[in-house]
J.: 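This is the structure I want to talk about, given as structure tokens.
None of the values given here were measured: they were computed from a predicted structure. All values below come from the heavy atoms of this structure, side chains included, with hydrogens, waters and symmetry mates left out. Letters A, B, ... mirror the listed sequences (proteins, then strands); counts begin at 1.
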Amino acid sequence: MRRLLRRLGRASRGGLAFVGRLARLQWSLARVVFTPSRHHLRLIAKLTLTQARFSGVQAAPLVAALGLIIGAVSILQFVAILSGIADELIGKVLVTIIVREMGPLITAVLVIGRSGTAITTELGTMQLEGELEALRAYRIDPVAFVILPRVLGMVLAMFGLLVLFDVTGLIGGSMLAVTVKDLSAILLRSRMAAALSDADFILSGLKAVLFGQTIAMLSCYFGLQVRRSPTELPQAVTKAVVASLTGVFFCDALLVAGHYFL
Amino acid sequence: MSGVLLELRGVLIRDGERLLVGPLDLTLRSGERLAIFGPSGAGKTALLKVIAGAIEPDGGTVILGLALTGLRSPMGYVTAYGGLLNNLTLEQNAALPAVYHRTLRMGEALTEARALLGELGAKAVSRRPSAATVQDRRLTQLARASMARPGLFVLNEPFDDLDARAAQSVRRFLDRLRADGGSAVVATTSLKPYADWADRFLLILPGHAKLFASRAELMADQDPEVRFFADEGG
């Protein structure tokens, strides 16, 4: 019993320390965002666009292809289960599955796997190679110069990729519905438009910002935890992926619950 | 009396539970050149990082003098290994402090950095650090330190792993620094290149340190441990 309590205590202390360190990083980031130095803005904007290009533009073909496939597969499953019963619901089903849930989550998972891991590895390597130490010695704030552009770039990329996934998902689902169920494309489009509400756009925007920020912050945090040896890198990446997935699903649950209950 | 650049008060540096350096008191004045020497693993690099402001000490304080607090980038830091940003080319690395602190446009800073790198003898400056030679990387670090226009140069083993030509460039850099009355701290395992260059010497041994106010004082010390590292190092 005592051993169990000791373990619980240690785990809670570790969890609290993690939250504290993350909050401190978040606070440093907020301080940089709200007290920007004008002459650094151009440099930070340039680095942000580089990150957005890597995380967003370069991932666009993959996200578009997945959007088409998942949109089509979702309708295929729906038709297989409810064949002939609810053709008029296809528009609503597509909006619910793609825009409200699958779009943000699948895009987030892709971004974690592709860009979050890259950020953790990059920052971990920067730690090992003494790059961040050198920045500190030159009074170049690593939070402003390294972390802020990655967070902003990731949020921009997440937003763009989410829109792309939603659009291609709706197109993929519609194409399959039109082909298999012989539905009118115009009718289907008007049903999808009717199913989309302002809340969907607001919720999608919120998810893009929150997911992008969560993934970037956690990826940066675990990269910065690398201290001495390259063997710490894979451990940091694994922790970043697990924490990012948990963070994204937790934020998603909070937002959806907030939307339905408030 | 020249102004105080930097003051270390009771600085402690640990490696886990092991005490590496300290408590150490040290004052650096403007125009002074200090050579830190001693065996590998004694804490020279860690002390240099603390002086450069790259890491925090485990105890004590580092106080910058007025001559440094007024500067946007008070230190010109040269590491023994790594230290350059791998997502930038060598010339962009050299230009970075000027873009960040002197608000130069990247184009202007690059022109200045290229001229400086050419003067130092760096060759493939459009390469990224991972694809560059150790000579070019070290010369880029010296160029970056100069571009920052610092009040104090903090150099870790600047001659390590260099070929004869690059070593000559570093020598010229150090001699010019001395002729201009510049201030510097150098960490080294071999005292030979700094015997006539440095004003003061700090021997770092595991757990304790000993400061010498001049070369004459260092040469006069008959402690076998001091003699071993001073003489072995040239």
J.: Do you know which of B:P150, B:A148, B:G76 has the most heavy-atom pairs with chain A at a distance under 4.5 angstrom?
T.: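 Heavy-atom pair counts peak at B:G76.
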
J.: With respect to chain A, which residue among B:T79, B:N93, B:I51, B:L84 yields the maximal number of heavy-atom pairs within a distance under 4.5 Å?
T.: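 Ranked by heavy-atom pairs under 4.5 Å with chain A, first place is B:L84.
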
J.: Sort out for me which of B:A54, B:G53, B:G82 touches chain A most, counting heavy-atom pairs under 4.5 Å.
T.: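 The answer is B:A54.
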
J.: If I measure from the heavy atoms of chain A, does B:N87 come under 4.5 Å with its side chain, its backbone, both, or neither?
T.: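 For B:N87, the contact with chain A is made by the side chain alone.
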
J.: Taking side chain as C-beta onward, heavy atoms only, is B:H101 less than 4.5 Å from A:I140?
T.: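 Side-chain contact under 4.5 Å: yes.
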
J.: Name the region of A:R227, side chain, backbone, both or neither, that has any atom closer than 4.5 Å to a heavy atom of chain B.
T.: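 Looking at A:R227, nothing touches chain B.
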
J.: Go through the atoms of A:L135 and report whether side chain, backbone, both or neither lie under 4.5 Å from a heavy atom of chain B.
T.: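 Answer is side chain: those atoms of A:L135 sit under 4.5 Å from chain B.
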
J.: Any heavy-atom pair between the side chains of A:E129 and B:N86 that's under 4.5 Å?
T.: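 Yes. Closest side-chain heavy atoms under 4.5 Å.
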
J.: For the CD atom of A:E131 and the CG atom of B:L88, what is their distance to the nearest 0.5 Å?
T.: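 One finds 8.5 Å between CD of A:E131 and CG of B:L88.
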
J.: Side chains of A:Y138 and B:Y100: closer than 4.5 Å at any heavy-atom pair?
T.: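 Sidechains of B:Y100 and A:Y138: no contact.
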
J.: What distance do A:M126 atom CE and B:L85 atom CG have between them, rounded to the nearest 0.5 Å?
T.: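 It is 5.0 Å, given to the nearest 0.5 Å.
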
J.: A:E133 and B:Y77: side-chain contact (heavy atoms from CB on, under 4.5 Å), yes or no, with the steps?
T.: CA-CA 10 Å; A:E133 264 175 22; B:Y77 182 47; 4.2 Å; yes

